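Computation of the quantities below employed the complete heavy-atom set of this structure, encompassing side-chain atoms and omitting hydrogens, waters and symmetry-equivalent molecules. Keep in mind it's a predicted model, so treat the numbers as computed, not measured.
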Amino acid sequence: VQLQASGGGLVQAGGSLRLSCAASGLTFSSHYMGWFRQAPGKEREFVTGIRWSGGSAYYADSVKGRFTISRDNAKNTVYLQMNRLKPEDTAVYYCAAGPLVHGTGVEYKYWGQGTQVTVSS
């Protein structure tokens with residue numbers, strides 16, 4: 001399994017970025033895709049997730065209304081559109097994939113390399 005994240009960069013507050021995560025080697029229909037982030041000195045936190053085969057996305061409260069996750073099945077790629085970025089969104093962003101474990105939740109067991117997002121004030 002390979003997850004390749006890209007699209008990070010430096011942006012001013014209020015700006016937008018779109019991250020991409022190209023996936024291969026997965027049984028896509030049974031997996032969820034997610035984005036996480038880790039800011040300096042902080043623990044990694046969940047940002048958003050979606051089932052690869054369809055369904056509603058779910059978001060951390062801190063990004064609701066500003067970030068949107070989507071997927072392109074033909075390209076095996078999941079995207080994170082980030083709008084109205086804030087300095088507190090600065091972090092390394094990671095894409096992840098994993099199956100739903102009934103009774104437990106999504107087990108994100110596959111991880112891509114991170115991509116840095118820096119939002120200047």
Inset, instruction - Could you tell me whether the side chain of Phe67 reaches within less than 4.5 Å of the side chain of Asn83, counting heavy atoms only? - result: no
Inset, instruction - Mind listing the closest non-hydrogen atom pair of Arg84 and Arg66 along with its distance? - result: O-NH1, 2.9 Å
Inset, instruction - Verify the cluster assignment for Val47 and Tyr32: are they in a single hydrophobic cluster under the rule of side-chain heavy atoms below 4.5 Å apart? - result: no
Legend entry - Heavy-atom donor-acceptor pair, Thr90 side chain to Val119 backbone, under 3.5 Å: yes
Inset, instruction - State, with a plain yes or no, whether a side-chain heavy atom of Ser6 is found less than 4.5 Å away from one of Thr115. - result: no
Inset, instruction - Can you establish whether the number of heavy atoms outside Gln2 located under 6.0 Å from its atom CD is more than 12? - result: no
Inset, instruction - Please confirm whether the backbone N or O of Lys75 pairs with a side-chain atom of Thr77, one donor and one acceptor, at under 3.5 Å? - result: yes
Inset, instruction - Look at the side-chain heavy atoms of Ile, Leu, Val, Met, Phe, Trp and Tyr, link any pair under 4.5 Å apart, and say whether Val1 and Met33 land in one connected group. - result: yes
Inset, instruction - Working to the nearest 0.5 Å, report the span between OH of Tyr93 and CH2 of Trp35. - result: 10.0 Å
Legend entry - Single-linkage hydrophobic cluster, 4.5 Å side-chain cutoff, Val63 and Val106 together: no
Inset, instruction - If the plane angle is over 60° it's perpendicular, under 30° parallel, otherwise tilted; pick one for Tyr94 and Trp111. - result: perpendicular
Legend entry - 4.5 Å side-chain heavy-atom contact, Ile50 and Arg71: yes
Legend entry - Minimum side-chain heavy-atom gap Gln4-Gln113 below 4.5 Å: yes
Legend entry - Atom pair CG/CZ of Leu80 and Phe36 - distance to nearest 0.5 Å: 12.0 Å
Inset, instruction - Can you see which heavy atom on Ala13 is nearest to which on Ser121, and at what distance? - result: CB-CA, 4.3 Å
Inset, instruction - Taking the side chain as every heavy atom from C-beta outward, state whether Val117 and Leu19 have any atom pair closer than 4.5 Å. - result: yes
Inset, instruction - Tell me whether Tyr59 is reachable from Tyr108 by hopping between hydrophobic residues (I, L, V, M, F, W, Y) whose side-chain heavy atoms are closer than 4.5 Å. - result: no
Inset, instruction - Determine whether His31 and Tyr110 make a side-chain contact, defined as any pair of heavy atoms from C-beta on separated by less than 4.5 Å. - result: yes
Legend entry - Closest non-hydrogen atom pair, Gly15 against Val11: CA-CG2, 3.8 Å
Legend entry - Where at least one partner belongs to residues 41-59, residue pairs that pass salt bridge (Lys or Arg N to Asp or Glu O under 4.0 Å), sequence neighbours excluded: Arg37-Glu45
Legend entry - Lys86 and Asp89 ion-paired at < 4.0 Å: no
Legend entry - side chain to side chain contact (heavy atoms under 4.5 Å, CB included) evaluation trace for Val78 with Trp52: CA-CA 9 Å; Val78 64; Trp52 186 266; 4.2 Å; yes
Inset, instruction - Starting at CD of Gln116, measure out to CD of Gln38 and round the result to the nearest 0.5 Å. - result: 11.0 Å
Legend entry - Sub-4.5 Å side-chain heavy-atom contact between Met82 and Ser16: no
Inset, instruction - Please check if the side chain of Thr48 supplies one atom and the backbone of Ile69 the other of a donor-acceptor pair under 3.5 Å. - result: no
Inset, instruction - Can you see which heavy atom on Gly8 is nearest to which on Leu17, and at what distance? - result: C-CD1, 4.5 Å
